[in-house]
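Shown next, in structure tokens, is the structure this report addresses.
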Amino acid sequence: MSDVSDFSHTCEQIAKAVLDRGEHIAVAESLTGGNLASELSKAPQAGTWFCGGVVAYHSDVKYGLLEVPEGPVVSETAARAMAATTARLFDAEIVVAVTGEAGPEPDEAAPGTVWFGLDHRGRVSATRKEFDGEPEEVLAQTIGFALELIEGCLR
């Protein structure tokens with residue numbers, strides 16, 4: 001499991017790389033409830049490269065604001081739509097979107113199921129991960145993997 005100090009170091013690396021490239025980052029969050037944006041906003045000079053994010057916790061917000069097609073919101077389709085729409089709304093070159101189920105009880109998916117959407121300069125992809133642990137551990141692993149996806153765009 002990742003801890004906060006891991007996030008701080010990763011976010012510093014992201015800040016350095018994104019500043020060197022002149023790109024902008026935004027996020028769309030459901031499962032993480034704004035925690036991903038919080039971590040990114042703590043990084044050096046975040047005000048110059050971090051555009052912000054959308055916390056779309058309720059499904060209706062995903063369907064309306066983020067243009068997720070009707071259907072399951074813990075899905076590849078939802079993650080892709082969240083990333084693409086957020087890229088357009090924020091005019092950001094790199095967007096990561098997170099939608100999933102932390103548990104402890106299953107809803108649309110088994111606890112630990114997380115879909116990540118990534119829009120990098122108009123190329124949209126999605127990745128599904130299955131994390132183990134209590135809801136807090138799933139949340140930490142989700143944030144850690146989202147930051148890894150951003151780092152991957154900056155290599």
Side-chain angles (χ1 to χ4, degrees), residues 1-2 4 6-7 10-11 13-15 17-18 21 23-43 46-47 49-103 106-133 135-155:
M1 177 177 91
S2 298
V4 174
D6 291 336
F7 297 151
T10 301
C11 289
Q13 296 300 111
I14 288 170
V18 78
R21 295 173 66 144
E23 293 184 309
H24 299 90
I25 296 172
V27 297
E29 301 181 71
S30 180
L31 167 71
T32 50
N35 285 286
L36 177 57
S38 177
E39 292 299 330
L40 288 167
S41 69
K42 295 175 195 174
W49 55 266
F50 181 55
C51 298
V54 175
V55 177
Y57 208 74
H58 195 281
S59 295
D60 288 344
V61 178
K62 292 178 197 82
Y63 297 138
L65 180 64
L66 295 181
E67 301 173 2
V68 170
E70 287 291 327
V73 294
V74 180
S75 67
E76 177 180 2
T77 300
R80 285 175 171 270
M82 290 169 66
T85 301
T86 301
R88 187 175 61 3
L89 289 172
F90 285 88
D91 195 26
E93 292 86 5
I94 301 169
V95 173
V96 66
V98 180
T99 183
E101 183 65 52
D107 188 13
E108 283 191 6
T113 303
V114 182
W115 276 99
F116 297 84
L118 180 67
D119 186 312
H120 185 212
R121 296 189 170 270
R123 288 191 206 162
V124 182
S125 61
T127 303
R128 178 185 170 144
K129 298 292 274 184
E130 298 288 335
F131 297 122
D132 292 323
E136 298 80 17
E137 295 169 310
V138 171
L139 177 68
Q141 291 171 83
T142 300
I143 293 168
F145 187 74
L147 293 173
E148 286 178 27
L149 287 173
I150 293 169
E151 277 188 307
C153 293
L154 297 167
R155 288 189 188 115

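When side chains are defined from C-beta on, Trp49 counts as touching Ile14, because their heavy atoms get closer than 4.5 Å. For the pair Leu40/Leu147, a side-chain contact is recorded, criterion being any heavy-atom separation below 4.5 Å from C-beta on. Put simply, the side chain of Phe131 reaches to within 4.5 Å of the side chain of Thr142, judged on heavy atoms. You'll find the side chain of Asn35 reaches within 4.5 Å of the side chain of Leu139, heavy atoms only. Between Val27 and Phe50 the shortest side-chain heavy-atom distance falls below 4.5 Å. Two residues are said to be in side-chain contact when any heavy atoms from C-beta on lie closer than 4.5 Å; Asp132 and Glu137 fail this criterion. The shortest distance between side-chain heavy atoms of Val73 and Tyr63 falls below 4.5 Å. Leu149 places none of its side-chain heavy atoms less than 4.5 Å from the side chain of Ile94.
Of the possible donor and acceptor atoms, one in the side chain of Glu108 sits under 3.5 Å from a partner among the backbone N and O of Val74. Distance alone, capped at 3.5 Å, places no donor-acceptor pair between the Glu101 side chain and the Val114 backbone. The backbone N or O of Pro72 sits less than 3.5 Å from a side-chain atom of Ser75, completing a donor-acceptor pair. A donor-acceptor pair is defined here as one N or O able to donate and one able to accept, closer than 3.5 Å; no such pair exists between the side chain of Glu76 and the backbone of Thr127.
The two residues Val138 and Gly133 come nearest to each other via the heavy atoms CG2-O, 3.8 Å. For the pair Ser41 and Ser38, the tightest heavy-atom approach, listed with the atom from each and the gap, is OG-O, 2.9 Å. When all heavy atoms of Val18 and Glu23 are compared, the closest pair comes out as CG2-O, 3.2 Å. Shown here for Ala79 and Ala97, the closest heavy-atom pair between the two residues is O-CB, 3.7 Å. Pairing each heavy atom of Phe116 with each of Ala146, the nearest pair is CE2-N, 3.8 Å.
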- Leu31/Thr99 under side-chain contact (heavy atoms from CB on, under 4.5 Å): CA gap, chis, key distance, verdict: CA-CA 5 Å; Leu31 167 71; Thr99 183; over 6 Å; no
- Item | Residues Phe90, Val95; criterion side-chain contact (heavy atoms from CB on, under 4.5 Å); working and verdict | CA-CA 9 Å; Phe90 285 88; Val95 173; 5.8 Å; no
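Checked for salt-bridge contact, Arg21 and Glu93 miss the test: no charged N lies under 4.0 Å from a carboxylate O. Comment: Arg80 does not engage Glu67 in a salt bridge, judged by the lack of any side-chain N to carboxylate O separation of less than 4.0 angstrom.
How far CG of Leu89 is from CG of Leu66: 7.0 Å, rounded to the nearest 0.5 Å. Taken to the nearest 0.5 Å, the CD1 atom of Ile150 stands 11.5 Å off from the CZ atom of Arg155. Expressed to the nearest 0.5 Å, how far CZ of Arg123 lies from SG of Cys153 amounts to 10.0 Å. Atom CE of residue Met82 and atom CG of residue Asp119 lie 13.0 Å apart, to the nearest 0.5 angstrom.
Between Glu130 and Thr113, the side chains place a donor N or O and an acceptor N or O closer than 3.5 Å (distance only, hydrogens not considered). Inspection of the Ser30 and Lys62 side chains reveals an N or O donor paired with an N or O acceptor under 3.5 Å. Residues Thr10 and Gln13 bring no donor and acceptor atom of their side chains to less than 3.5 Å of each other.
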Can you list, pair by pair, the side-chain donor-acceptor contacts under 3.5 Å of residues 51-59, counting residues two or more places apart and other chains?
residue	atom	partner	partner atom	Å
His58	ND1	Asp60	N	3.1

